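Letters go in sequence order (proteins before strands), and every chain restarts at 1. Everything numeric here is computed off the predicted structure, so don't read it as measured data.
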Amino acid sequence: MTLKTRLIPCLDVMNGRVVKGVQFVDLRDAGDPVEAAMAYDAAGADELTFLDIAASHEGRDTIFDVVARTAEHCFMPVTVGGGVRTIEDIRKLLLAGADKVAINSAAVNDPDFISRAADKFGNQCIVVSVDAKQRLTERVGGDNRSEWEIFTHGGRKPTGIDAVEFAARMVERGAGELLVTSMDRDGTKSGFDLKLTRTIADAVEVPVIASGGVGSLQDLVDGVVEGHASAVLAASIFHFGTFTIGEAKQYLRDHGVDVRMDKALQELARP
Amino acid sequence: MSSVAIIDYGAGNLHSAAKAFERMARALGGVDILVTADPEQVRQADRIMLPGVGAFADCKAGLDAVLGMIEVLEEQVIRGGKPFLGVCVGMQLMASEGREKAVTAGLGWIPGAVERIRPSDPQLKIPHMGWNTITKTRPHALLEGIPDGPDGLHAYFVHSYHLVTEDDAMRIAITDYGGALTACVGRDNLFGAQFHPEKSQALGLRLIDNFLRWTP
């Protein structure tokens, strides 16, 4: 098997600007998501995810421009998440140059939306964000329920929906990939919730991206080896320059995880 | 001035394909990239690219719905011998038939059927999504200068089905995912790539550059 584990940096974007500072030495404007995307592209990122955290409608329109400008310079897959609620939202993002969209609240509120979206655009571009947290309450429904429930609104709103059951249902509806984020771990730098990641990855046929909590390069390895994830996503370790994409890939490779380390186009000699 | 027509028939994201072609056209000089749903513009073009994402049947229905497009493709590509590149489902449409959901007739240019991927290892995920290396099974101008094999460059794949060719000679490259999957097909002036050149960084840009220079 030669399919490589994917390393995916995530950029939080609000009103067309990167929210967390990105520490790249050569950037003229570290707040420009397109410049950050180009730096990640050049560094060998396998995909890029934009998380649009804009609250207002006017703010949301800027993401289309960000995606379109990124597609002019970066020839790698781009996923956009945050506020994707309608078929029209998806259509506009794909036309702008996104390859996949990540859907959270709309999938929870209306599971049929995932069926309609997958029918219209194909399963391959529909990623469902599974934002899960340890249950605070009793396991309603008995022992066949998992330890985690689905949250919406950036982890603020519990839904009571079982996370593992929800993940399986979304795949049946046509999700081509799941972005599994532990809301308990997000921002803590204490590593992925490996049990959550593994439980979902083992329960579904589609690839799982592990997200939430990366603080060290070993966390990335653990997400793949112990969490059974097909891809690992991280934001702050790259944003704040703690590690480069290259360092992360080298570490993964040194610890038995097969990753892509390609040469740039310029190095392909033409006789 | 020569020109490339990228066919717009409502099957996905043409912006990135157009941008990747424009980038390599700029480097080469003297090539126009045109995204078009107009069969007449396709007829005028020197090279033709057929993209496609989603389900086989939906893409075929989309192509059928563009009045006169398939006729122009037959006339210019099959009878006229113009260089043709199919990508992803655009490559799969070159087959005799697709077997996704229902059996649907394809363009019939590459004898064979588009079948569900069945990896020998049941742990392997479907779709086959991400970066994989390719292995050339025969030399081809479009893969020139692209290092292949386990230490070669990677291509970006997203698919649950692949084209099983009847004639081995039309399978140009494979990729390994619990068994061999068809990565590229071709004959004469026809070439198809299952992966996305426009998303495959160095490997993809080189393939596009090779296509722009190709004189089959």
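A donor-acceptor pair under 3.5 Å is absent between the side-chain atoms of B:Lys60 and the main chain of B:Ala55, judged by distance alone. B:Thr165 places no side-chain N or O within donor-acceptor distance of the main-chain N or O of B:Asp168, the cut-off being under 3.5 Å.
With a 4.5 Å cut-off on non-hydrogen atoms, A:Arg260 touches chain B through its backbone and its side chain both. Looking at B:Pro122, there are no atoms closer than 4.5 Å to chain A (heavy atoms on both sides), in backbone or side chain. Heavy atoms closer than 4.5 Å to chain B are found nowhere in A:Asn123, neither backbone nor side chain. Heavy atoms of A:Ala118 lying under 4.5 Å from chain B are absent altogether.
Contact record, A:Ile245 with A:Ala43: CG2-O, 3.6 Å, taken as the closest heavy-atom pair. Residue B:Gly149 comes nearest to B:Thr135 through the heavy atom pair CA-OG1, 4.1 Å, listed as atom of the first residue, atom of the second, then distance. The two atoms that bring A:Val232 and A:Leu220 nearest to each other are CG1-O, 3.8 Å, heavy atoms only.
The residue from B:Leu63, B:Thr36, B:Leu14 that alone fulfils the side chain to side chain contact (heavy atoms under 4.5 Å, CB included) condition with B:Tyr9 is B:Leu63.
Scanning for side-chain contact (heavy atoms from CB on, under 4.5 Å) contacts around B:Ser96 gives B:Pro111, with sequence neighbours left out.
Using a cutoff of 4.0 Å between basic side-chain nitrogens and carboxylate oxygens, A:Lys249 and A:Asp46 are scored as salt-bridged. By the 4.0 Å N-to-carboxylate-O rule, A:Glu72 lies too far from A:Arg69 to be salt-bridged with it. Using a 4.0 Å cut-off between charged nitrogen and carboxylate oxygen, B:Asp46 and B:Lys82 do not count as a salt-bridge pair. Look at A:Lys100 and A:Glu47 and you find a salt bridge, because one of the NZ, NE, NH1 or NH2 atoms lies within 4.0 Å of a carboxylate O, short of that distance.
Between the CD1 atom in A:Ile126 and the CZ atom in A:Phe121 there is a gap of 7.0 Å [rounded to 0.5 Å].
Residue pairs meeting the ring-ring contact (aromatic ring centres under 6.0 Å, His included) criterion with at least one member in residues 112-149 of chain B, sequence neighbours excluded: B:His128-B:Phe157, B:His128-B:His159, B:His128-B:Tyr177, B:Trp131-B:Tyr156, B:His140-B:Phe191, B:His140-B:Trp214.
Listed options A:Glu177, A:Arg91, A:Met261 were ranked by heavy-atom pairs under 4.5 angstrom with chain B; first place goes to A:Glu177. Contacts with chain B were tallied for A:Pro77, A:Cys74, A:Cys125; A:Pro77 has the most, counting heavy-atom pairs under 4.5 Å. The residue among B:Gly130, B:Pro147, B:Ser160, B:Pro119 with the most heavy atom pairs within less than 4.5 Å of chain A is B:Gly130.
Contacts from residues 165-172 of chain A to chain B, taken as heavy-atom pairs separated by less than 4.5 Å, involve no residues at all. Residues of residues 196-210 of chain A lying under 4.5 angstrom from chain B, judged on non-hydrogen atoms, are A:Ala201, A:Val204, A:Glu205, A:Val206, A:Pro207 in numerical order.
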